[in-house]
Amino acid sequence: MTVIVLSGPIGAGKSSLTGILSKYLGTNPFYESVDDNPVLPLFYENPKKYAFLLQVYFLNTRFRSIKSALTDDNNVLDRSIYEDALFFQMNADIGRATPEEVDTYYELLHNMMSELDRMPKKNPDLLVHIDVSYDTMLKRIQKRGRNYEQLSYDPTLEDYYKRLLRYYKPWYEKYDYSPKMTIDGDKLDFMASEEDRQEVLNQIVAKLKEMGKLEDDWKPNLVK
Ligand SMILES: Nc1ncnc2c1ncn2[C@@H]1O[C@H](COP(=O)(O)OP(=O)(O)O)[C@@H](O)[C@H]1O
Ligand SMILES: Nc1nc2c(ncn2[C@H]2C[C@H](O)[C@@H](COP(=O)(O)O)O2)c(=O)[nH]1
């Protein structure tokens, strides 16, 4: 049926929407490696030392996920390989990667993307981007409560998060691997409000129908 990739800043609600959407469409969810990621706490402790290693870790897991998702052709992915360079470039721009690491990273990314180009299904069918403001992002990061992501752990994270938001706008505009759409993550509380959840699902289903990826009379198996 379809491969849908989600995108958005930290805490935007990607993992949550991945679960909701995959259940609704009856497809498989692919989650990011976060709680089982051994490099992530090291990165927050010493970003300069671990930025490159963390990126290689994420890139590897994202490559594995997208290959598998494109092979099955029936999946929803919580953040994908298409966002990988956004993170790395931002970290490189603030001095967390050497020129050699930057060159090596882009060569590796280029090789991986060429591999995807050789697959029978080369691209996802749809990108769903969750747009959030800094205030919403921070509230959700606090709500989730991972220690090393809190401003109390490292006050410089405020700049890091604000910078990340600034990198998303041009990234989204440039993204052209598939059709794309945006969900207003500030307005639509798809976790607490049943009505908002249905509104988000309706928007995505309408887009899939418009693209001919779902039949006009398609109905979900699971209404919840
Ligand atoms: N639309 C939303 N409204 C309210 N809370 C949300 C929403 N989306 C996510 N959350 C909450 O915010 C936190 C971060 O969500 P998560 O799905 O882990 O984000 P991401 O995967 O984008 O980092 C979680 O505690 C989740 O329950
Ligand atoms: N340096 C990088 N950090 C990344 C990347 N992808 C995710 N992350 C961090 C950000 C969060 O602390 C955590 C989980 O992200 P969510 O958006 O799922 O909350 O991992 C990356 O590519 N580089």
Side-chain angles (χ1 to χ4, degrees), residues 5-22 29-63 65-66 76-97 101-102 105 108-109 112 128-133 135-151 153-154 156-157 160-161 163-165 167-168 171 182-201 203-204:
V5 293
L6 297 198
S7 68
I10 304 166
K14 300 176 299 299
S15 309
S16 309
L17 189 56
T18 295
I20 293 168
L21 189 58
S22 58
F30 277 75
Y31 293 102
E32 283 254 274
S33 169
V34 176
D35 292 329
D36 60 343
N37 181 332
V39 192
L40 197 57
L42 300 176
F43 167 76
Y44 280 98
E45 212 178 298
N46 189 342
K48 202 165 176 163
K49 183 168 175 191
Y50 289 106
F52 178 73
L53 179 61
L54 179 63
Q55 211 56 55
V56 170
Y57 182 96
F58 270 122
L59 181 58
N60 186 39
T61 55
R62 287 173 180 147
F63 182 58
S65 295
I66 192 74
V76 180
L77 276 87
D78 162 14
R79 199 180 271 128
S80 62
I81 196 163
Y82 309 103
E83 260 164 287
D84 203 86
L86 181 163
F87 268 92
F88 185 64
Q89 190 57 53
M90 182 188 78
N91 276 283
D93 289 347
I94 52 177
R96 294 173 172 180
E101 286 171 335
V102 172
Y105 170 79
L108 182 59
L109 180 66
M112 288 179 168
V128 177
H129 179 68
I130 308 176
D131 198 23
V132 286
S133 62
D135 286 350
T136 301
M137 177 184 181
L138 200 62
K139 249 185 250 153
R140 304 231 174 109
I141 289 172
Q142 285 166 350
K143 183 174 170 198
R144 186 168 58 196
R146 272 186 213 125
N147 176 42
Y148 51 74
E149 292 175 349
Q150 308 306 317
L151 302 193
Y153 179 85
D154 175 2
T156 69
L157 284 171
Y160 184 73
Y161 292 157
R163 181 180 284 267
L164 183 67
L165 283 176
Y167 275 60
Y168 264 100
W171 174 85
T182 300
I183 298 291
D184 186 342
D186 284 344
K187 206 173 105 209
L188 295 164
D189 181 346
F190 51 78
M191 293 308 286
S193 158
E194 176 64 39
E195 198 183 322
D196 284 3
R197 178 160 42 233
Q198 199 53 55
E199 167 65 25
V200 168
L201 291 169
Q203 285 180 18
I204 297 170

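If you're wondering where the values come from, they're calculated on a predicted model, not measured in any experiment. FYI, side chains are in, hydrogens and waters are out, and symmetry mates aren't considered; it's all heavy atoms of this structure. Just so you know, ligand 1 is whichever comes first in the structure, and atom 1 is the first atom listed for that ligand.
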Next item on the list: May I ask you to decide whether R146 forms a salt bridge with D35, counting only side-chain N to carboxylate O separations under 4.0 Å?
Entry: yes
Checklist line | NZ/NE/NH1/NH2 to OD/OE distance under 4.0 Å, E32 and K14 | finding: no
Note to self: Give the atom numbers and elements of ligand 1 that come within less than 4.0 Å of a heavy atom of S16.
What the structure shows: 9 (C), 15 (O), 16 (P), 17 (O), 26 (C)
Next item on the list: Below 4.0 angstrom from a heavy atom of G13, which ligand 1 atoms are there? Numbered from 1 as shown, please.
Entry: 8 (N), 9 (C), 15 (O), 16 (P), 17 (O), 19 (O), 20 (P), 22 (O)
Where's the contact between [X] and ligand 2, heavy-atom distance under 4.0 Å: side chain, backbone, both or neither?
{"X": "Y31", "answer": "neither"}
{"X": "R144", "answer": "side chain"}
{"X": "D78", "answer": "neither"}
{"X": "I10", "answer": "both"}
{"X": "N37", "answer": "neither"}
{"X": "R62", "answer": "side chain"}

Decide whether an N or O pair under 3.5 Å exists between [X] and ligand 2.
{"X": "S15", "answer": "no"}
{"X": "K14", "answer": "yes"}
{"X": "Y44", "answer": "yes"}
{"X": "Y148", "answer": "no"}

With respect to [X], determine whether any N or O atom, backbone or side chain, lies less than 3.5 Å from an N or O atom of ligand 1.
{"X": "F190", "answer": "yes"}
{"X": "S15", "answer": "yes"}
{"X": "M191", "answer": "no"}
{"X": "A12", "answer": "yes"}

Margin query: Heavy-atom pairs closer than 4.0 Å: do any link ligand 1 to the side chain of L188, the backbone, both, or neither?
Written below: backbone
